[in-house]
Amino acid sequence: MKVPNPISRTLPISIFCVGLIISCSGVRTVDFETPVDTSDKQITFQERQVYFHEDLGLFVDNTFDGARLNGVEKLNDSTLKAIIRPENDPINSSPYYAFKIASNTPKKMYVSLEYPQGHAHRYAPKVKKPTKDWEILDSTKIFIMDSLVTLELFLDEQPTLIAAQELQTSEQVKDWYHDLSSGKGYVRPYIYGTSKMGRELPVLDIYRGGKTSKPIIVLLTRQHPPEVTGFFAFKAFLETVLDDSELSNTFLDTHRVLAFPILNPDGVDLGHWRHNAGGVDTNRDWSKYRQPEIHQTVEFIEEQLKKDGARLLLGLDFHSTHKDVFYTNTSQEGSTLPHFEKDWFSALEENIPHYKVNESSGNSTKPVSKGWFLKRHRAVGITYEIGDNTPRGRIRTIGRVSAQEMMKILRSNTNLN
């Protein structure tokens with residue numbers, strides 16, 4: 001497989017062929033103690049429409065990318081029920097929602113979010129007006145009772161966007177990495193494949209000078225659509241790697257970074273709670289690679305390693321959960337960086353004010369990315385989790401410092417270069 005041409009705003013037809021070539025070729029699978037069936041599962045698509053309640057003068061809209069709303073019912077003259085359902089079941093209990101609501105006249109209204117029985121509220125509501133930044137809805141305006149969560153809102157003619165987390169759609173991600181790579185000749189954005197529904201799978205191939213035999217660091221994010229705090233850390237991390245500092249320049253002289261900014265674009269744009277368009281958790285597919293997003297990602301990584309005589313040193317997979325935590329592999333099984341985690345975590349605690357690393361170590365019995373990095377390539381694999389409600393400024397600090405300290409450790413590891 002040849003590396004495709006750098007992407008442009010108008011995607012050439014030839015680039016789409018890359019995904020077809022990858023999906024038809026073989027890749028080496030990896031066995032895990034607890035296999036997971038990642039063959040396609042049926043999903044239910046939400047009906048995209050604008051709901052209009054004439055007697056209330058209210059409009060509710062789910063026609064945009066990243067929306068999640070499965071129906072609207074009037075409960076009384078001051079309350080609407082927004083029905084929220086997952087793409088399929090069983091699924092991680094992390095109800096995601098996103099919709100716009102507007103009123104013909106200024107008024108206070110209540111919107112009740114109804115989740116399926118057994119699914120607890122997870123994400124604090126975020127609110128955005130067209131000309132304003134995202135804000136967290138005041139906790140005094142949120143009322144929770146079992147699987148029904150009621151929000152108190154003040155509405156007017158300007159649509160109010162209500163979402164579980166700030167939207168970061170595939171188009172927004174594209175805008176970000178285009179801006180980030182603009183004018184940086186050592187950053188090469190490619191489309192290496194396409195998702196199940198034909199959306200672009202981008203990668204940023206980053207190095208200075210030649211690339212032959214340079215050790216590779218892989219960065220992944222957005223396997224799970226709503227987990228935007230992990231994506232925010234990924235952004236800060238990658239922006240630091242590309243900040244043209246002396247540290248960044250010397251690091252990229254000796255190392256290569258493959259950064260995958262959106263592994264599940266279908267799930268992101270469809271407003272899924274967890275899965276891709278195949279109804280599968282892609283972070284359980286790092287064994288047999290039955291889903292095209294993981295198959296093509298693995299194939300691309302393997303091809304680069306083989307073609308350029310490189311070693312995979314480190315894989316960081318950015319996610320979100322209820323609190324900040326680094327999931328690591330207990331057994332290193334001959335890892336090429338046996339002391340990296342200890343050194344890195346110590347450096348984070350020393351250089352981030354009032355910060356204590358929360359490490360949860362366990363061997364990957366299920367086919368997740370951190371296990372694949374170790375089992376397939378003896379590389380350090382870490383699932384880099386950021387809390388749902390970690391302050392956004394704090395996320396930027398954590399992402400920036402963790403990138404700086406990673407570069408320092410790897411740059412000083414002269415025996416690996």
*Asks:* Are a donor atom and an acceptor atom from the side chains of Glu227 and His319 found within less than 3.5 Å of each other?
*Replies:*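 Side chains of Glu227 and His319: pair found under 3.5 Å.
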
*Asks:* Is there a side-chain contact between Arg274 and Glu87 (heavy atoms, below 4.5 Å)?
*Replies:* yes

*Asks:* Give me the atom names and distance for the closest heavy-atom approach of Gln168 to Arg222.
*Replies:*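 That would be O-NH1, 2.9 Å.
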
*Asks:* Under 3.5 Å, is there a donor-acceptor pair linking the side chains of Thr229 and Thr390?
*Replies:* no

*Asks:* Given Lys196 and Asp266, is the salt bridge (Lys or Arg N to Asp or Glu O under 4.0 Å) satisfied, shown in steps?
*Replies:* CA-CA 8 Å; Lys196 182 173 285 291; Asp266 291 343; over 6 Å; no

*Asks:* Among Asn276, Asn283, Asn264, which residue satisfies the side-chain hydrogen bond (donor to acceptor under 3.5 Å, both in side chains) criterion with Gln223?
*Replies:* Asn283

*Asks:* Of Ile206, Leu313, Asp308, which meets side-chain contact (heavy atoms from CB on, under 4.5 Å) against Arg256?
*Replies:* Asp308

*Asks:* How long is the span from the CG atom in Leu252 to the CG atom in Asp244, to the nearest 0.5 Å?
*Replies:* 9.0 Å

*Asks:* For a 4.5 angstrom cut-off between non-hydrogen side-chain atoms, does Leu80 reach Tyr51?
*Replies:* no

*Asks:* Hydrogens and angles aside, do Asp324 and Tyr384 bring a side-chain donor and acceptor to less than 3.5 Å of each other?
*Replies:*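 The criterion, which ignores hydrogens and geometry beyond distance, is not satisfied for Tyr384 and Asp324.
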
*Asks:* More than 12 heavy atoms of other residues, nucleotides or ligands under 6.0 Å from CG of Asp55: yes or no?
*Replies:* yes

*Asks:* Do His53 and Glu73 pair up side chain to side chain, a donor and an acceptor below 3.5 Å, judged on atom types alone?
*Replies:* no

*Asks:* Among side-chain atoms of Asn62 and Arg68, is any donor-acceptor pair under 3.5 angstrom?
*Replies:* no

*Asks:* Does a donor on one side chain sit under 3.5 Å from an acceptor on the other, for Asp243 and Thr240?
*Replies:* no

*Asks:* Taking the inter-plane angle between the rings of Phe326 and Trp344 on a 0 to 90° scale, is it parallel (under 30°), tilted (30 to 60°) or perpendicular (over 60°)?
*Replies:*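 Answer is perpendicular, since the angle exceeds 60°.
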
*Asks:* Compare all side-chain heavy atoms of Ile217 with those of Leu258 and state whether any distance is below 4.5 angstrom.
*Replies:* no

*Asks:* Can you pull the ring pair (Phe, Tyr, Trp, His ring centres under 6.0 Å) pairs that have at least one residue in residues 77-116, sequence neighbours excluded?
*Replies:* Tyr115-His121

*Asks:* Do Asp65 and Thr169 have a side chain donor and acceptor closer than 3.5 Å?
*Replies:* no

*Asks:* Going by atom types alone, do Thr328 and Glu359 pair a side-chain donor with an acceptor below 3.5 Å?
*Replies:*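 Thr328 vs Glu359: donor-acceptor pair found between side chains.
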
*Asks:* Taking atom NZ as the centre, does Lys107 end up with more than 12 heavy-atom neighbours from other residues, nucleotides or ligands that are less than 6.0 angstrom away?
*Replies:* yes

*Asks:* Between the side chains of Asp156 and Ser103, does any donor sit under 3.5 Å from an acceptor?
*Replies:* no

*Asks:* For residues Leu220 and Ser369, determine if any side-chain heavy atom of one lies less than 4.5 Å from a side-chain heavy atom of the other.
*Replies:*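 Yes, their side chains come closer than 4.5 Å.
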
*Asks:* Do Thr38 and Lys288 pair up side chain to side chain, a donor and an acceptor below 3.5 Å, judged on atom types alone?
*Replies:* no

*Asks:* What are the two closest heavy atoms between His275 and His272, and how far apart are they?
*Replies:*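 The answer is O-ND1, 2.9 Å.
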
*Asks:* Quick one: are Phe373 and Val380 in side-chain contact, heavy atoms under 4.5 Å?
*Replies:* no

*Asks:* Under the criterion salt bridge (Lys or Arg N to Asp or Glu O under 4.0 Å), I'd like the reasoning laid out for Asp285 against Arg290: C-alpha separation, chi angles, the key distance, then a yes or no.
*Replies:* CA-CA 7 Å; Asp285 194 36; Arg290 295 186 177 98; 5.3 Å; no

*Asks:* If you look at every heavy atom in Pro367 and Ser287, which pair is closest and at what distance?
*Replies:*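 Reported closest heavy-atom pair: CB-CB, 3.5 Å.
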
*Asks:* Does atom CG (Asp133) have a neighbourhood of more than 12 heavy atoms from anything else shown, all under 6.0 Å?
*Replies:* no

*Asks:* So which atom in Ile398 and which in Ser402 form the shortest heavy-atom distance, rounded to 0.1 Å?
*Replies:* O-OG, 2.8 Å

*Asks:* Do Phe234 and Leu219 have side chains that get closer than 4.5 Å, going by heavy atoms?
*Replies:* yes

*Asks:* Dump the intermediate steps for ring pair (Phe, Tyr, Trp, His ring centres under 6.0 Å) on Trp273 and His119, then the final yes or no.
*Replies:* CA-CA 11 Å; Trp273 290 20; His119 289 284; 5.1 Å; yes

*Asks:* Heavy-atom count around Glu135 CD within 6.0 Å, excluding the residue itself: above 12?
*Replies:*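 Not buried by this count: 12 neighbours or fewer within 6.0 Å.
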
*Asks:* Given salt bridge (Lys or Arg N to Asp or Glu O under 4.0 Å), test Lys81 with Glu114 step by step and report yes or no.
*Replies:* CA-CA 7 Å; Lys81 180 169 69 176; Glu114 184 197 67; 3.3 Å; yes

*Asks:* Is Lys129 atom NZ crowded by more than 12 heavy atoms from other residues, nucleotides or ligands, each under 6.0 Å away?
*Replies:* yes

*Asks:* For Tyr192 and Glu293, which heavy atoms make the closest approach, and how far apart are they?
*Replies:*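 Result for this residue pair: OH-O, 4.4 Å.
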
*Asks:* Is it possible for you to check whether Lys100 lies under 6.0 Å from the centre of the six-membered ring of Phe59, through NZ or CZ, and within 45° of that ring's axis?
*Replies:*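 The answer is no, since Lys100 fails at least one limit relative to Phe59.
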
*Asks:* Go through it in stages, so that I can follow the logic: the residues are Lys214 and Asp253, the test is salt bridge (Lys or Arg N to Asp or Glu O under 4.0 Å), and I'd like the CA-CA distance, side-chain angles, deciding distance and then a yes or no.
*Replies:* CA-CA 9 Å; Lys214 281 186 175 175; Asp253 282 339; 5.6 Å; no

*Asks:* Got more than 12 heavy atoms from elsewhere within 6.0 Å of NZ, Lys366?
*Replies:*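 Atom NZ in Lys366 is not packed in, count stays at 12 or less.
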
*Asks:* Side chains of Ser364 and Lys370: do they bring a donor and an acceptor to under 3.5 Å?
*Replies:*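 Side-chain D/A pair, Ser364 to Lys370: present.
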
*Asks:* Can you check whether Arg378 reaches Arg311 side chain to side chain, under 4.5 Å on heavy atoms?
*Replies:*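 No, too far: nothing below the 4.5 Å cut-off.
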
*Asks:* When you measure from the centre of the six-membered ring of Tyr289, is the NZ or CZ of Arg28 closer than 6.0 Å and no more than 45° off the axis?
*Replies:*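 Judged by the rule (NZ or CZ under 6.0 Å from the ring centre, within 45° of its axis), Arg28 is not positioned above Tyr289.
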
*Asks:* Considering only heavy atoms from C-beta outward, does the side chain of Ile142 approach that of Pro125 to under 4.5 Å?
*Replies:* yes

*Asks:* Side-chain donor-acceptor pair under 3.5 Å between Trp176 and Glu239, yes or no?
*Replies:*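 Yes, side-chain donor-acceptor contact under 3.5 Å.
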
